[in-house]
Protein chains: 2
Amino acid sequence: MSFACDTCPVRDRAACSVLDESERQALAAAGRIRDIGRGDILFHAGDEMTACATLISGALKVTSIDPDGEERILALVHPSGFIGEMFQPFAQFDVVALTDSKLCTFSRANMDGAIERFPSLARALLRRSQEDLHRAHLLLQLTGKHSANEKVGSLLLAMAQAASDSPCHPAALFDLPLSRGEMANMLGLTIETVSRQLSRLEKSGIIRREGARGIALLDPARLRLSGISPAVGPIVSH
Amino acid sequence: MSFACDTCPVRDRAACSVLDESERQALAAAGRIRDIGRGDILFHAGDEMTACATLISGALKVTSIDPDGEERILALVHPSGFIGEMFQPFAQFDVVALTDSKLCTFSRANMDGAIERFPSLARALLRRSQEDLHRAHLLLQLTGKHSANEKVGSLLLAMAQAASDSPCHPAALFDLPLSRGEMANMLGLTIETVSRQLSRLEKSGIIRREGARGIALLDPARLRLSGISPAVGPIVSH
DNA sequence: CGGAGGTTTGACCACACTCAAGCTGCGTGG
DNA sequence: CCACGCAGCTTGAGTGTGGTCAAACCTCCG
């Protein structure tokens with residue numbers, strides 16, 4: 001297991017990166033690598049909350065189903081992100097893989113123990129949790145925008161940032177991890193409206209669509225203007 | 001200062017309640033009680049983040065101003081709630097008093113020290129932070145609802161819960177801490193639409209308005225139906 | 001009493017939703 | 001290899017809800 005850590009692609013970005021080598025090994029002994037496929041459900045709302053995990057690769061969505069049966073996407077999780085409601089007996093939300101994903105999972109009991117023993121881990125998780133909160137606030141800002149125009153533009157920009165390695169500049173060419181329906185869902189719009197806005201952006205030469213999921217950013221500056229919102233920032237957790 | 005703790009109305013709900021008596025006294029020695037008036041700004045986005053605080057009484061709103069100058073309410077804070085982005089050098093958001101409020105403030109340095117020395121405090125803050133995150137998700141659900149109808153209904157219900165002492169049952173008669181503009185803002189609606197929905201609810205006998213801020217809940221059950229959303233839950237932090 | 005800020009109500013209009021029809025990409029099987 | 005089917009996406013036409021603009025109305029305070 002310590003071998004897994006040695007080659008772990010998120011070893012110096014994940015929560016466990018704050019641990020020293022011996023602490024990390026102790027934690028790793030309790031961790032289990034798990035692979036899940038696109039569409040697989042990691043946690044299901046209402047289930048007993050017996051585990052938590054760090055995402056190693058892939059992408060997840062956090063959703064809830066409201067009473068009338070509508071799904072609602074609350075957050076996206078990207079590699080190095082941490083998933084787990086440590087203080088709730090039952091899961092409040094569904095967590096579903098958007099793409100094939102690899103995780104490092106821990107039983108709730110083991111993680112609770114680790115938090116007790118390694119105060120720096122508690123602080124790292126606190127920091128991460130506050131960052132998640134910040135991202136939720138950014139998403140809230142996004143959904144609060146009035147025009148469909150701005151919403152779609154801002155989301156595209158956020159996805160471009162997330163797809164890019166360099167933290168500041170958006171990727172010029174990337175694949176959306178979300179379907180039209182999922183985008184619509186996040187923005188509080190309908191599939192058709194999202195699709196129409198993308199068409200509009202393409203017609204005005206700001207983007208180009210490459211197949212159903214691919215996006216080429218031709219003119220990020222105008223996206224920022226037409227869609228307003230100078231960088232609502234990365235909405236994804238990583 | 002330890003005297004202040006003895007009579008503190010939130011002494012067994014706030015983050016510091018996890019400390020034992022000697023720890024609490026050590027923390028209290030670093031705390032300062034502060035009174036602020038309605039509309040006063042506690043933190044201002046962009047300011048250096050040199051302090052954090054527990055709300056003792058009153059109510060706060062957390063807002064951000066997006067580039068086009070629109071305010072957006074991201075969260076409400078009620079007594080025993082904790083405010084402070086512990087890991088950001090600069091404040092990301094404004095924090096403003098909705099009513100006259102009393103706070104127990106700590107310098108950033110002191111709080112960082114306390115977190116180091118008292119691991120249980122770090123855990124308490126982590127828990128609180130995850131609860132805040134949960135509430136942000138609930139608010140996200142609320143703003144995602146399609147009809148203005150549902151949004152206003154759900155918000156009323158949430159405010160009624162927050163105003164009530166008993167955790168489950170909504171208060172039958174209470175004052176809204178928010179102006180129409182602030183409600184509209186939270187829900188992604190306009191002032192006029194919020195006002196119209198309230199009129200509609202009043203006409204159908206579900207609520208009665210008492211002055212500008214007062215609300216009497218005549219028929220919470222129908223509010224829940226007409227506004228749907230079986231208890232989106234308390235959106236306020238406490 | 002007067003003024004100001006917040007609230008309510010109305011008339012009108014636009015933007016996004018609904019419904020419905022094609023279209024594209026893709027995997028399966030003949 | 002093409003035919004088929006399916007799911008997701010795009011596009012169109014018509015409607016309705018909530019936005020915009022504007023005026024009247026409270027309520028609180030000086």
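Sequence lines set the chain letters: A, B, ... in the order given, protein chains first and strands last, and positions in each chain run from 1.
Going from atom CG of A:Leu201 over to atom P of D:dC9 covers 16 Å, rounded to whole Å. For A:Glu210 and C:dT24, the CD to P distance is 16 Å, given to the nearest whole Å. Residue A:Glu182 contributes atom CD, which lies 11 Å from atom C1' of D:dG8 at whole-angstrom precision. In this entry the distance linking CZ of B:Arg180 with P of D:dC26 reads 15 Å, nearest Å. Rounded to whole angstrom, the span from the CD1 atom of B:Ile191 across to the P atom of D:dG18 amounts to 17 Å. The distance between atom CG of B:Asn185 and atom P of D:dG19, rounded to the nearest whole Å, is 12 Å. One interatomic measurement links the two molecules: CE of B:Met183 to P of C:dG6, which rounds to 15 Å at whole-angstrom precision. Rounded to whole Å, atom C1' of D:dG8 lies 11 Å from atom CZ of A:Arg38.
Considering every non-hydrogen atom in both B:Gln92 and B:Glu85, the closest pair reads CG-OE1, 2.8 Å. Annotation for A:Gly58 and A:Ser101: closest pair CA-OG, 3.5 Å, computed over non-hydrogen atoms.
Counting only heavy atoms from C-beta on, A:Ala212 has its side chain closest to D:dC9 among C:dT9, D:dC9, D:dG19. Of the candidates C:dA16, D:dT11, D:dG19, C:dA16 carries the atom nearest the A:Ser147 side chain, counting heavy atoms from C-beta on. Out of C:dG10, C:dC19, C:dC17, the shortest distance to the side chain of B:Glu192 is found at C:dG10. Here the side chain of A:Gln197 is nearest to one of C:dA16, D:dA13, D:dT20, namely C:dA16. Taking every side-chain heavy atom of B:Leu189 into account, D:dG18 is the closest of D:dG18, C:dC17, C:dT9. With distances taken from any side-chain atom of B:Arg209 to the nucleotides D:dG19, C:dT8, C:dA16, the minimum falls on C:dT8.
B:Thr105 contributes atom OG1, which lies 8.5 Å from atom CG of B:Leu42 (distance to the nearest 0.5 angstrom).
As judged by a 4.0 angstrom heavy-atom cut-off over every strand, B:Ser195 is placed among the base-contacting residues.
An OP1 or OP2 oxygen of C:dT8 is reached within less than 4.0 angstrom by no side-chain nitrogen or oxygen of B:Ser199.
When the nearest nucleotides of DNA chain C are assigned to A:Gly211 and A:His146 by heavy-atom distance, the more 5′-ward of the two goes with A:His146.
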Would you please test A:Gln197 and A:Ser147 for side chain to side chain contact (heavy atoms under 4.5 Å, CB included) and show each step? CA-CA 10 Å; A:Gln197 294 304 327; A:Ser147 70; over 6 Å; no
Taking it one step at a time, do A:Ser107 and A:Arg32 satisfy side chain to side chain donor-acceptor pair (under 3.5 Å)? CA-CA 9 Å; A:Ser107 75; A:Arg32 270 191 44 242; over 6 Å; no
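Taking only distance into account, the side chain of A:Arg196 meets the base of C:dT18 through a donor-acceptor pair shorter than 3.5 Å.
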